[in-house]
Colleague: 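Sharing a structure, written as structure tokens. Questions coming.
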Amino acid sequence: MKSACFERVEYGVDALIELLSTLTIDEQLGVMLEFEDASPDKFAQLLVDAPQWTETNC
């Protein structure tokens, strides 16, 4: 059984991936760079929890 907190994180990651899917590759990279600059710890955790978020189709 998933905890409510985990479900919220999972929903947030899914929502972010859906949002990024509407952007061009350049826009996606810009968002990732801004996020990394704004919150390096959270960005590092995102890389661990959702590595597919940083994969590109280049």
Colleague: Just jot down the side-chain contact (heavy atoms from CB on, under 4.5 Å) partners of Glu34, sequence neighbours excluded, or say none.
Modeller: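 Scan of Glu34 (side-chain contact (heavy atoms from CB on, under 4.5 Å), adjacent residues dropped) gives none.
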Colleague: Got a sec, which residues hit side-chain hydrogen bond (donor to acceptor under 3.5 Å, both in side chains) with Glu27, two or more places apart in sequence or on another chain?
Modeller: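 For Glu27, the residues satisfying side-chain hydrogen bond (donor to acceptor under 3.5 Å, both in side chains) (neighbours in sequence not counted) are Thr24.
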Colleague: Which donor-acceptor pairs under 3.5 Å do the side chains of residues 39-48 make with protein atoms, sequence neighbours left out?
Modeller:
| unit_1 | atom_1 | unit_2 | atom_2 | d |
| --- | --- | --- | --- | --- |
| Gln45 | NE2 | Asp49 | OD1 | 2.9 |
| Gln45 | NE2 | Asp49 | OD2 | 3.0 |

Colleague: For the residue pair Val31 and Gln28, establish whether any side-chain heavy-atom pair is separated by less than 4.5 Å.
Modeller: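 No; the side chains remain at least 4.5 Å from each other.
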Colleague: Hey, what do you get for CD (Glu36) to CG (Leu29), rounding to the nearest 0.5 Å?
Modeller: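 Interatomic distance, Glu36 CD to Leu29 CG, rounded to 0.5 Å: 11.5 Å.
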